[in-house]
*Asks:* 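Below is a structure I'd like to ask you about.
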Amino acid sequence: MEITGFKQSNKANFQPGRKSPVQYIVVHYTANRGDTARNNADYFAREETKTSAHYFVDEKEVWQSVKDEDTAYHCGAKTYKHPLCRNGNSIGVEMCIWDKGGKVRPGTVEKAAEVVRQLMARYNVPLERVLRHYDVTGKNCPLPMVENPSLWEDFKTKLKGVENLLDYPDWALKTYQWYEDMPEWARESVQKAVKRGLVSVGADNAVSVLGANLQTLVYLDRAGLLDK
Ligand SMILES: [Zn+2]
């Protein structure tokens with residue numbers, strides 16, 4: 001993931017290590033007008049707040065404040081709405097820059113979605129385990145997405161492609177060596193790609209193509225890029 005920088009949170013604000021692997025991603029917003037990812041990272045490095053988050057995101061930057069393998073204090077509470085999601089098994093992502101109009105800026109939402117997509121892929125977190133802070137404890141966070149649930153639905157729509165990745169069909173995960181073994185829809189395109197030297201052929205005439213790349217070769221073929 002492309003993070004702008006890592007600035008370790010003050011050690012009073014997090015717990016080294018975690019109780020269980022990452023199973024949930026919790027989305028927050030900082031509720032501070034005009035703040036940035038950078039100045040949140042600075043703030044949590046300096047101050048003892050007994051609170052923290054792993055990532056702070058604004059329109060342009062992503063600052064990490066607590067390592068993924070450590071426990072941030074981002075969704076702890078006395079009572080919970082959610083039966084399972086806790087600090088010990090989740091990653092907290094904070095959206096910064098609350099506009100004057102009381103909205104998180106679209107660029108920040110886009111960037112946060114990018115970060116969450118990458119975390120979903122890294123830890124195999126399915127869409128139903130991406131939660132608002134509100135879903136975990138009932139706190140009104142991120143407020144715009146609690147007041148207007150359709151904004152949360154929009155956000156989750158941006159994460160949908162990743163679910164397909166987690167659910168990759170079997171053929172996508174195989175390495176194909178022989179045309180006969182490949183799905184029929186891919187064979188001709190792979191043959192063209194071999195001719196063009198995009199796919200190398202071994203001494204025994206075997207090719208080696210990861211199934212997940214077959215679709216790309218077919219797209220290139222359809223675009224006429226393998227015909228020249
Ligand atoms: Zn929150």
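Because the structure is predicted, anything quoted here is derived from the model rather than measured. Just so you know, ligand 1 is whichever comes first in the structure, and atom 1 is the first atom listed for that ligand.
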*Asks:* Can you name the one residue among Asp58, Asp35, Val57 that meets side-chain contact (heavy atoms from CB on, under 4.5 Å) with Asn40?
*Replies:*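 Answer after filtering Asp58, Asp35, Val57: Asp35.
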*Asks:* Who passes side chain to side chain contact (heavy atoms under 4.5 Å, CB included) against Lys192, sequence neighbours left out?
*Replies:*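 In terms of side chain to side chain contact (heavy atoms under 4.5 Å, CB included), with neighbours along the sequence ignored, Lys192 is linked to Glu188, Asp221, Leu226, Asp227.
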*Asks:* Is a side-chain donor or acceptor of Asn87 paired with a backbone partner of His74 at a separation under 3.5 angstrom?
*Replies:*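 Pair found, side chain donor or acceptor close to backbone of His74.
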*Asks:* Is the backbone of Gly92 close enough, under 3.5 Å, to the side chain of His54 for a donor and an acceptor to pair up by distance?
*Replies:*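 Pair found, side chain donor or acceptor close to backbone of Gly92.
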*Asks:* Less than 2.8 Å away from the Zn ion (ligand 1), how many protein N/O/S atoms can be counted, ignoring water?
*Replies:*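 For the Zn ion (ligand 1), the figure is 3.
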*Asks:* Whether Arg38 and Asp42 form a salt bridge (side-chain N of Lys/Arg under 4.0 Å from carboxylate O of Asp/Glu) is what I want to check.
*Replies:*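 Between Arg38 and Asp42 there is a salt bridge, with a charged N closer than 4.0 Å to a carboxylate O.
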*Asks:* Is a side-chain donor or acceptor of Thr108 paired with a backbone partner of Met95 at a separation under 3.5 angstrom?
*Replies:*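 No; judged by distance alone, with no hydrogens or angles, the pair does not exist.
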